[in-house]
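Here the structure is laid out as structure tokens; the discussion comes afterwards.
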There are 2 protein chains.
Amino acid sequence: MSAGNPFPEDAEDTQTAIMRATFDALVEYGYAGLTIDRIDEFFPKSKSLLYHHYDGKDDLLVDFLSRMIDDYEAEIDCETPGDARERLDRWLDAIARPELAEEDRGFIRALVELRAQAAHDERYREHFTRSDRFFRGWLADIIADGIEEGVFREVDPEQVAATIHTIAGGVMTDRVTSDDPQVADVRAELDAYVEARLLAD
Amino acid sequence: MSAGNPFPEDAEDTQTAIMRATFDALVEYGYAGLTIDRIDEFFPKSKSLLYHHYDGKDDLLVDFLSRMIDDYEAEIDCETPGDARERLDRWLDAIARPELAEEDRGFIRALVELRAQAAHDERYREHFTRSDRFFRGWLADIIADGIEEGVFREVDPEQVAATIHTIAGGVMTDRVTSDDPQVADVRAELDAYVEARLLAD
DNA sequence: CTGCATTGAATGAATATTCAATCAACGCGT
DNA sequence: ACGCGTTGATTGAATATTCATTCAATGCAG
């Protein structure tokens with residue numbers, strides 16, 4: 001039920017338990033169906049306690065989003081040995097591997113649904129804007145390293161990073177909102193793209 | 001207020017007026033804030049009338065989604081003269097032009113928010129799955145034509161189409177959920193991609 | 001007159017939020 | 001060690017509002 005929940009179950013304080021419960025309710029019912037009562041379903045303690053820790057539903061959800069994004073960044077932002085080509089390939093595999101563990105589907109679903117809220121909620125938009133910058137910077141660094149190393153052509157790192165990141169977002173949406181996601185084709189084309197556009201001869 | 005509403009205002013029957021009102025309410029309040037009362041705000045007639053034409057909110061919204069997607073497909077699916085290269089460029093301009101008319105922002109916002117619902121609603125997912133296939137087919141035809149014409153390399157049309165379509169989805173989401181969308185960079189990189197990967201020498 | 005469109009008011013369920021009341025831990029002076 | 005006040009965590013019940021839906025009644029065109 002709570003597989004893939006990024007908020008640890010063991011020795012958890014109330015704070016973490018609230019985040020866990022919110023995650024589970026979000027995955028189970030979706031953002032549009034997310035209510036305080038449903039969060040309480042997954043929360044071992046009393047519903048009123050949520051209001052002791054947060055000003056209200058909005059406050060709770062914004063904090064939840066912030067932590068989700070932190071987890072998402074932490075998942076990517078790890079030590080990566082190897083040259084730029086290897087690091088980029090590992091990145092592409094991470095976001096566009098055809099097989100996806102069931103645990104990760106819930107996480108991606110939650111993220112995709114939260115992201116859509118950014119269309120109407122400024123606070124959400126701010127979080128995602130910051131997160132996007134982080135990932136594009138991360139990618140641009142890899143590209144820039146590759147150019148210095150001489151393995152990549154002299155492309156504009158920001159421009160390439162923006163495009164790959166956009167694809168990453170598209171793949172995530174495709175994964176959880178289509179009955180026939182095309183992740184395998186995109187993954188293959190990404191290799192062809194790297195070969196044709198990035199790799200020096 | 002209703003700029004960019006794809007449902008015509010003139011000589012409208014009740015059916016169309018309901019769609020118009022739903023669109024306006026969706027753009028104004030977002031999917032999570034979409035209620036029958038809010039739809040009624042933009043509906044010149046009585047709220048009860050909605051239930052005379054639809055079984056309920058769900059029924060109404062599924063029909064609305066269906067018509068939104070029809071409009072979206074109709075917007076793209078038009079006669080396109082010129083060779084494959086020109087037709088592809090026109091497609092890329094249509095989805096990734098840096099400047100976006102304010103009228104279109106509402107439409108894209110609505111579409112992005114509806115799409116996110118597909119993560120938890122099978123009926124939504126079916127509609128988008130079908131729509132995705134339509135666009136990928138459209139793109140794949142252009143690529144295949146280009147290969148026959150000798151202007152494109154012998155790539156896999158489906159694979160390239162899937163990737164470009166994924167980028168299109170990513171750009172739409174980026175446009176309406178970020179304070180700093182990177183559409184211009186992606187548009188430029190798409191040109192470089194076509195040059196490096198598709199164009200025959 | 002008859003069938004369809006339309007209305008306004010009403011209803012009951014869902015939902016977010018509040019509140020008064022325990023409970024458990026802790027510091028502190030004696 | 002013992003009372004004691006303070007503080008924060010926790011609870012169950014209550015409240016006020018929003019929301020989807022229903023329904024009986026009215027208008028109206030053929």
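Computed from a predicted structure; not experimentally measured. Chain naming here is simple, since letters A, B, ... match the order of the sequence lines and numbering starts at 1 in each.
The interatomic distance linking A/Leu50 (CG) with D/dT10 (P) rounds to 11 Å, in whole Å. Here the P atom of nucleotide D/dT22 and the NZ atom of B/Lys57 are 15 Å apart, to the nearest Å. Atom CG of B/Leu49 and atom P of D/dT22 are 15 Å apart (whole Å). Atom-to-atom, OH of B/Tyr54 to P of C/dA5 comes out at 13 Å; the value is rounded to the nearest Å. As rounded to whole Å, 14 Å separates atom C1' of D/dA13 from atom CG of A/Asp37. When rounded to the nearest whole Å, the span between CG of B/Leu61 and P of D/dA20 equals 10 Å. The distance from atom CD of B/Glu41 to atom P of D/dT18 is 12 Å, rounded to the nearest whole Å. With rounding to whole Å, B/Lys47 atom NZ is found 10 Å from C/dA10 atom C1'.
Comparing atom distances between the B/Thr35 side chain and each of D/dA20, C/dT17, C/dG8 picks out D/dA20 as nearest. When the nucleotides C/dT6, D/dA9, C/dT15 are ranked by their closest atom to the side chain of A/His53, D/dA9 comes out on top. Checking C/dG8, D/dT21, C/dA5 against the side-chain heavy atoms of B/Ser48 singles out C/dG8 as nearest.
With B/Leu26 as the partner, the side chain to side chain contact (heavy atoms under 4.5 Å, CB included) test is satisfied by one option alone out of B/Leu111, B/Leu61, B/Leu34: B/Leu34. Screening B/Arg125, B/Arg130, B/Arg136 against A/Asp180 for a salt bridge (Lys or Arg N to Asp or Glu O under 4.0 Å) leaves a single residue, B/Arg136.
Phosphate contact (OP1/OP2 of D/dT10, side-chain N/O of A/Thr14, threshold under 4.0 Å): present. Applying the 4.0 Å criterion to OP1 and OP2 of C/dT17, one finds that A/Tyr51 has a side-chain N or O inside that range. For C/dT7, neither phosphate oxygen OP1 nor OP2 lies less than 4.0 angstrom from any side-chain nitrogen or oxygen of B/His52.
Between B/Asp89 and B/Arg85, at least one side-chain nitrogen of the basic residue sits less than 4.0 Å from a carboxylate oxygen of the acidic one, meeting the salt-bridge criterion.
Using the six-membered ring where Trp is involved, A/Phe64 and A/Phe7 have ring planes that are tilted, between 30° and 60° apart.
Summary of the strand contacts: A/Arg38 and A/Asp55 both lie near DNA chain C, and taking for each the nucleotide with the nearest heavy atom, the more 5' one is attributed to A/Arg38.
Residues A/Glu113 and B/Tyr31 have side chains that never bring a donor and an acceptor to within less than 3.5 angstrom of each other.
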